[in-house]
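The structure presented is a predicted model; accordingly, all values stated were derived computationally and were not measured. For ligands, and for the atoms within them, numbers begin at 1 and follow the listed sequence.
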Amino acid sequence: MTTTTDNHNLFAALRAAFPADLDAVAIDAGAGLTYSWRDLDRASAMLANLLDGLDLPPASRIAVQVEKSVEAVLLYLATLRSGHVFLPLNTAYHSAEIGYFIGNAEPAVVVCSPANHGWVSKIAFQAGTRYVFTLGEDRSGTLVERASHCSDQHEPAQRGPDDLAAILYTSGTTGRSKGAMLSHRNLLSNAQVLKDYWGWEKGDVLVHALPIFHVHGLFVALHGALLNGSKMLWFSRFDPKAVIARLPEATVFMGVPTLYVRMLAEPALDKAAVRHMRLFISGSAPLLIETFRDWQARTGHTILERYGMSETAMLTSNPYHAKDGDRRGGTVGFPLPGVDLRVVDDAGAPVPQGEIGGIQVRGPNVFQGYWRMPEKTAEEFTADGFFKTGDVGRVDAQGYVTIVGRSKDLIISGGYNVYPAEIEGFINDMPGVAESAVVGVPHPDFGEVGVAVVIARPGSVLDGEALLATLKQQLANFKIPKRCFVVAELPRNTMGKVQKNLLREQYKALFA
Ligand code: MCA
Ligand code: AMP
């Protein structure tokens, strides 16, 4: 395998980090199912040759909505190898959501689970997609079957640093999702910084229990292990008991706060279980100081909290080495090397140190913009090239960043982003509904969940549970508000704008 130095294809860098012993186990999926590094190389080569054989336009989007599996990772690696653009889609999305993504991204290839082939292929072919393959959780489906006839040798396509590697949809306050375009350099630069910053070392073993259709599991966790030539203990879904049982074989764990909350609820989580562990990382949503402290008391480990976005991958991190400072619960640490971060007031001017304002960032990890939305992209960057995160925070005298809120109307539930505007849109379209407001309220397990407050049209009678049941047919399950209240009126300010802060206050004790 020759990796010419001017090939910026992310795969080339990942492949160069494979250990010398290619027959060592790269992924241990449990129940005796393991994949060697050679398996990863050969299988992703075969899939890349399958893609090359389709004679696709350059930088074609490969849309993938499949259950988590090692083969899905191999498809991701194959997409990089063949120089195309990986577009992962949450398995919970229904047809309305999938219809939007496929219409917006116009993928040349769609890979879906066998169970969904009927409705996904219909949407795909109507949108002009030329190829639809299936991929089951158990290596079943047409994708693996077709690839099994392809060569297991493949030279990574020549790619420049700014060529696209992936598009990840992340909704905006308007409720319609935007495709964040991530380049090979965006991803590789961040992975290289994190490899050093988090002290990845020979012999590390990562527990991978996150979904691989979002940045945390697909890039931060996966690239972390691959770029260090580290074995992964692979969980197709998070089960606290199963994860705790295998912690003694591992050294690194990454999760959203809900995963930590659920492991703390397990008596099996104790100092013995974590005796081999080096590092616990949390992100994607705020880690409550109670969780941070409970984890410390129970395991002796201080969780390292970090902050990132789909548009930027990781932005800040608490320090790994004690010499660089302590890990402070409630903060997201320092801007990572290469990341410029500033806090500005509403006029865009930097605020005095310690004051609260909008967080803006700049760096090689910041995305290339939103897919086919140049105007929206332009709105989100300043004249001097800073990206407006939509997060509100402050930087203290020692340089620690604290996120205190969001200027974007966003609920983060169990680590997934839920956009009130999107849900309000669907509720408002329902018969008898005059208006609705969806707000986030604290939840012991998911951190924050949505609650819907609905106004009926004059003369109409609404049933909250019935509205939620209808919504469940239309939107991904994690987006469905956990409660729906039908009320006579919504609190409004003098401008007539719904005061969501008052609704949050009113319902904040709902799940206490
Ligand atoms: C599941 N449910 C949820 C959620 N997940 N409700 C609200 N929020 C959720 N996140 C509901 C389902 O609708 C269902 O309800 C019931 O819980 C059981 O569903 P199931 O799928 O079995 O749930 P689970 O297996 O318990 O999943 C919970 C989970 C999962 C493991 C916490 O949500 C998860 O893996 N979250 C990680 C998300 C992630 O990777 N975030 C990173 C984004 P019903 O039965 O009523 O339908 S990347 C990012 O944010 C940036 C870049 C960053 O910094 O990392
Ligand atoms: P996403 O749009 O899925 O990339 O989610 C990114 C958003 O998640 C950020 O803009 C933050 O609002 C939030 N986020 C990520 N990490 C953290 C964290 N450690 N603490 C608080 N919020 C976070």
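Between F292 and Y260, the distance from one ring center to the other does not fall under 6.0 angstrom.
A cation-pi arrangement is absent between K376 and Y370 under the rule of less than 6.0 angstrom and at most 45 degrees off the ring axis. Remark: K68 is positioned above the aromatic ring of W234, its terminal NZ or CZ atom under 6.0 angstrom from the ring centre and at most 45 degrees off the axis.
Residue contacts with ligand 2, taken as heavy atom pairs separated by less than 4.0 Å, do not involve S282 at all. With a 4.0 Å cut-off on non-hydrogen atoms, T258 touches ligand 1 through its side chain and not its backbone. Only side-chain heavy atoms of F446 come within less than 4.0 Å of ligand 1; its backbone N, CA, C and O stay farther off. If you look at R262 next to ligand 1, the close heavy atoms, those under 4.0 Å, all belong to the side chain. With a 4.0 Å cut-off on non-hydrogen atoms, R406 touches ligand 2 through its side chain and not its backbone. Here V215 has no heavy atoms under 4.0 Å from ligand 2, in either its backbone or its side chain. Contacts between E311 and ligand 2 below 4.0 angstrom, taking non-hydrogen atoms only, are absent altogether. With a heavy-atom cut-off of 4.0 Å, S284 touches ligand 2 through its backbone alone.
Without hydrogens or angle criteria, E97 side chain to H94 main chain gives a donor-acceptor distance under 3.5 Å. Looking only at distances, no side-chain donor or acceptor of T312 sits under 3.5 Å from a matching main-chain atom of L315. Distance alone, capped at 3.5 Å, places no donor-acceptor pair between the S230 side chain and the L226 backbone. For the pair S183 (side chain) and N186 (backbone), a donor-acceptor distance under 3.5 Å is present. For the pair Q360 (side chain) and V343 (backbone), a donor-acceptor distance under 3.5 Å is absent.
Considering only non-hydrogen protein atoms, atom 6 (C) of ligand 2 sits nearest to G308 O, 3.5 Å. In this structure, atom 14 (C) of ligand 1 lies nearest to the protein heavy atom N477 ND2, 4.1 Å. What sits closest to atom 6 (N) of ligand 1 on the protein, heavy atoms only, is K482 NZ, 2.9 Å. Atom 7 (C) of ligand 1 has S413 OG, 3.0 Å as its closest protein atom, hydrogens excluded (heavy atom only). Protein heavy atom in closest approach to atom 40 (O) of ligand 1: P211 CD, 3.4 Å. Annotation: atom 31 (C) of ligand 1 to nearest protein heavy atom, L259 CD2, 3.9 Å. Considering only non-hydrogen protein atoms, atom 19 (N) of ligand 2 sits nearest to R306 O, 2.7 Å. Among all non-hydrogen protein atoms, the one lying nearest atom 4 (O) of ligand 2 is S310 N, 2.5 Å. Of the protein's heavy atoms, G308 O, 4.0 Å lies nearest to atom 51 (C) of ligand 1. When hydrogens are left out, the protein atom nearest atom 21 (C) of ligand 2 is P286 N, 3.5 Å; that is the closest non-hydrogen contact. What sits closest to atom 50 (O) of ligand 1 on the protein, heavy atoms only, is S284 CB, 3.4 Å. Atom 22 (O) of ligand 1 has as its closest protein heavy atom R237 NH2, 3.2 Å.
Distance check: L80 CG to L10 CG gives 5.0 Å after rounding to the nearest 0.5 Å.
In this structure S317 satisfies the side chain to side chain contact (heavy atoms under 4.5 Å, CB included) test together with Y197, W198, L304, R306, L336, sequence neighbours excluded. Every residue two or more places apart in sequence or in another chain that forms a side chain to side chain contact (heavy atoms under 4.5 Å, CB included) with R262 is listed here: F238, P240, T258, D445, F446.
Under the 4.0 Å distance rule, the nearest protein heavy atom to atom 43 (C) of ligand 1 falls inside the cut-off.
When the heavy-atom distances from atom 30 (C) of ligand 1 to F238, F213, Y416 are ranked, the shortest goes to Y416. For atom 54 (O) of ligand 1, the nearest non-hydrogen atom from the set M309, H443, R306 belongs to R306. Taking each of G414, G415, P240, G450 in turn, the one with a heavy atom nearest to atom 36 (N) of ligand 1 proves to be G414. With D391, T402, V404 as candidates, the residue nearest to atom 11 (C) of ligand 2 on a non-hydrogen basis is D391.
Applying the 4.0 Å criterion to heavy atoms of V215 picks out, from ligand 1, the atoms 48 (S), 52 (C). Atoms of ligand 1 lying under 4.0 Å from at least one heavy atom of S310, given by number and element, are 52 (C). Within ligand 2, counting atoms from 1 as listed, the ones closer than 4.0 Å to a heavy atom of I412 are 8 (O), 12 (O), 13 (C). Atom numbering of ligand 2 starts at 1 in the shown order; those under 4.0 Å from a heavy atom of E305 are 18 (C), 19 (N), 20 (N). Residue H214 approaches ligand 1 through these ligand atoms, each under 4.0 Å from one of its heavy atoms: 43 (C), 48 (S). If you number the atoms of ligand 2 from 1 as listed, the ones under 4.0 Å from a heavy atom of N417 come out as 1 (P), 2 (O), 3 (O), 5 (O). The contact set between ligand 2 and T170, taken as ligand atoms under 4.0 Å from a residue heavy atom, comprises 2 (O). The ligand atoms of ligand 1 that sit less than 4.0 angstrom from a heavy atom of H216 are 42 (C), 48 (S), 55 (O).
When all heavy atoms are compared, the tightest approach of M314 to V339 is O-CG2, 4.4 Å.
Inspection of the D391 and Y307 side chains reveals an N or O donor paired with an N or O acceptor under 3.5 Å. Under the 3.5 Å distance criterion, with hydrogens and angles disregarded, no donor-acceptor pair is assigned to the side chains of D294 and T291. In summary, the side chains of N428 and S436 do present a donor paired with an acceptor at a separation below 3.5 Å, with no hydrogens or angles considered. Under the 3.5 Å distance criterion, with hydrogens and angles disregarded, no donor-acceptor pair is assigned to the side chains of N477 and K472. Between the side chains of T251 and D204, a donor-acceptor pair is found at a separation under 3.5 Å. Neither side chain, Y400 nor R394, offers a donor N or O lying under 3.5 Å from an acceptor on the other. Judged by distance alone, the side chains of N104 and Y169 do bring a donor and an acceptor atom under 3.5 Å apart. Judged by distance alone, the side chains of Q296 and T302 do bring a donor and an acceptor atom under 3.5 Å apart. Looking only at atom types and distance, the side chain of T134 has no donor-acceptor partner in the side chain of H117 under 3.5 Å away.
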Subject >> Residue pair H216, S284: steps toward the side chain to side chain donor-acceptor pair (under 3.5 Å) verdict >> reply: CA-CA 7 Å; H216 198 160; S284 307; 2.7 Å; yes
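In terms of polar-atom proximity, defined here as any N/O pair under 3.5 Å, Y307 makes no such contact with ligand 1. Between N417 and ligand 1, no pair of N/O atoms sits closer than 3.5 Å. Residue T389 has no nitrogen or oxygen atom sitting less than 3.5 Å from a nitrogen or oxygen atom of ligand 2, judged on distance alone. The shortest N or O to N or O distance between K472 and ligand 1 is under 3.5 Å. Considering backbone and side-chain atoms alike, V256 places every N or O at 3.5 Å or more from each N or O of ligand 1.
Under the 4.0 angstrom criterion for non-hydrogen atoms, H214 is not in contact with ligand 2.
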